[in-house]
Chemist: 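Here's a structure for you.
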Amino acid sequence: MIKNSQPSVDSLEHALRLGGQLVENIAGPQWDAPTPCSEWTVREVLAHVVGMNLVFAAMLAGQRPPSSETDILGEDPAGAYARSAQLLLDAFGAPGALERSFQSPMGTATGLERLQIRSYDLLAHLWDLAQATGQQLENDPVLQASAQQALEFAGGQLAGVERAGRFAPPQPISATVPALDQLAAFLGRPVTWSPNC
């Protein structure tokens, strides 16, 4: 397997932009639809994504994270997503951010390692949102390259680590399917999921 280069702020920006397009296309009853994250609706998955964008942005800026009690999406989910995405990009794009080490309840890691962690979680949840709302991500080659890199990083980070409370066990999948599907399966998503299953 050919190893991909490390993730960049540009690749994160690309994924966030595609996520914005997904969110803009979510309408009406889809907000309450089930997702491959069995305990979360579409709105709840997006709230997690926005919340994690804000948590990572605050971590890199040395600020307190937002309260988990806040209705983070409010009446404008797309706007909340866009604002959180920009804050995240600004934080990772700050001079020296990828090289510095940051302490948090998750431990100590460099900005680059934080970028890798944020990337694989974000990509998995974009897959969730696409599946739940009938949208497509498979045809974007930049996103697939990012997913391949994220799969390699997550495979190393989660090897031998207890997954309970974070991810379900890896699901079986062919090595010939797109990298984003492989990442979703590695992080516990049943890739044959449908809203009716």
Side-chain angles (χ1 to χ4, degrees), residues 12 14-57 65-85 88 116-140 142-144 146-148 150-151 153-155 157-158 161-174 177-197:
L12 177 66
H14 185 80
L16 288 166
R17 184 167 63 250
L18 290 180
Q21 293 170 8
L22 287 180
V23 174
E24 290 285 354
N25 290 330
I26 298 171
Q30 285 185 321
W31 287 109
D32 295 319
T35 72
C37 285
S38 59
E39 296 181 0
W40 286 348
T41 65
V42 166
R43 184 179 174 91
E44 288 166 338
V45 168
L46 183 62
H48 170 78
V49 169
V50 170
M52 287 298 98
N53 286 348
L54 296 176
V55 164
F56 275 75
S67 169
S68 60
E69 301 300 317
T70 304
D71 177 9
I72 213 159
L73 300 182
E75 298 298 318
D76 182 17
Y81 174 86
R83 289 187 293 274
S84 75
L88 186 67
Q116 291 173 309
I117 293 167
R118 183 71 204 106
S119 293
Y120 78 68
D121 181 74
L122 172 67
L123 291 170
H125 288 305
L126 295 186
W127 185 89
D128 292 332
L129 291 173
Q131 295 294 310
T133 60
Q135 301 186 61
Q136 297 291 320
L137 292 172
E138 288 81 0
N139 296 328
D140 189 287
V142 176
L143 193 72
Q144 292 299 332
S146 295
Q148 182 61 50
L151 178 61
F153 176 80
Q157 192 199 42
L158 297 178
V161 173
E162 174 59 48
R163 287 182 169 223
R166 295 182 64 198
F167 305 105
Q171 301 296 302
I173 193 167
S174 168
V177 304
L180 186 58
D181 288 341
Q182 292 186 50
L183 176 66
F186 178 73
L187 296 177
R189 275 71 166 174
V191 294
T192 56
W193 183 90
S194 73
N196 299 317
C197 68

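Reckoned from all heavy atoms, side chains included, excluding hydrogens, waters and symmetry mates. This is a predicted model, so every value here is computed, not measured.
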Chemist: Quick one: does V191's side chain get under 4.5 Å of V177's, heavy atoms only?
Modeler: no
Chemist: Which value, rounded to the nearest 0.5 Å, describes the distance between W127 atom CH2 and L183 atom CG?
Modeler: 10.0 Å
Chemist: Write out all pairs satisfying salt bridge (Lys or Arg N to Asp or Glu O under 4.0 Å) with one or both partners inside residues 127-138, taking only residues at least two apart or from two chains.
Modeler: D128-R189
Chemist: Identify the two heavy atoms, one from P34 and one from A132, that lie closest to each other, and give their separation to 0.1 Å.
Modeler: O-CB, 3.3 Å
Chemist: Would you tabulate the side-chain donor-acceptor contacts of residues 16-25 under 3.5 Å, counting partners in other chains and residues two or more places apart, or write 'none'?
Modeler:
unit_1	atom_1	unit_2	atom_2	d
R17	NH2	H14	ND1	3.1
N25	ND2	Q21	O	3.2
N25	ND2	Q135	OE1	3.2

Chemist: Applying side chain to side chain donor-acceptor pair (under 3.5 Å), name anything that partners S146, two or more places apart in sequence or on another chain.
Modeler: none
Chemist: Quick one: closest heavy-atom pair of L126 and A15, and the distance?
Modeler: CD1-O, 3.4 Å
Chemist: According to side-chain contact (heavy atoms from CB on, under 4.5 Å), who are the partners of A179, at least two apart in sequence or on a separate chain?
Modeler: Q144, A147, Q148
Chemist: May I have all residue pairs that pass side chain to side chain donor-acceptor pair (under 3.5 Å) and include part of residues 28-39, sequence neighbours excluded?
Modeler: none
Chemist: Are F186 and L151 close enough that some pair of their side-chain heavy atoms sits under 4.5 Å apart?
Modeler: yes
Chemist: Which donor-acceptor pairs under 3.5 Å do the side chains of residues 43-50 make with protein atoms, sequence neighbours left out?
Modeler:
unit_1	atom_1	unit_2	atom_2	d
R43	NH2	D71	OD1	3.4
R43	NH2	G74	O	2.9
E44	OE1	T41	N	2.8
E44	OE1	T41	OG1	3.4
H48	NE2	D121	OD2	3.4
H48	NE2	H125	NE2	3.3

Chemist: Would you say the side-chain atoms of Q171 pair up with the backbone N or O of P169, donor to acceptor, closer than 3.5 Å?
Modeler: yes
Chemist: Would L122 and L12 satisfy side-chain contact (heavy atoms from CB on, under 4.5 Å), going step by step from the backbone distance to the final call?
Modeler: CA-CA 9 Å; L122 172 67; L12 177 66; 3.8 Å; yes
Chemist: Of all residues at least two apart in sequence or in a different chain, which pass the side-chain contact (heavy atoms from CB on, under 4.5 Å) check with N139?
Modeler: none
Chemist: Rounded to the nearest 0.5 Å, how far does OG of S119 lie from CZ of F56?
Modeler: 9.0 Å
Chemist: Whether the N53 and R83 side chains hold a donor-acceptor pair (N or O, under 3.5 Å, no angle test) is what I'd like checked.
Modeler: no
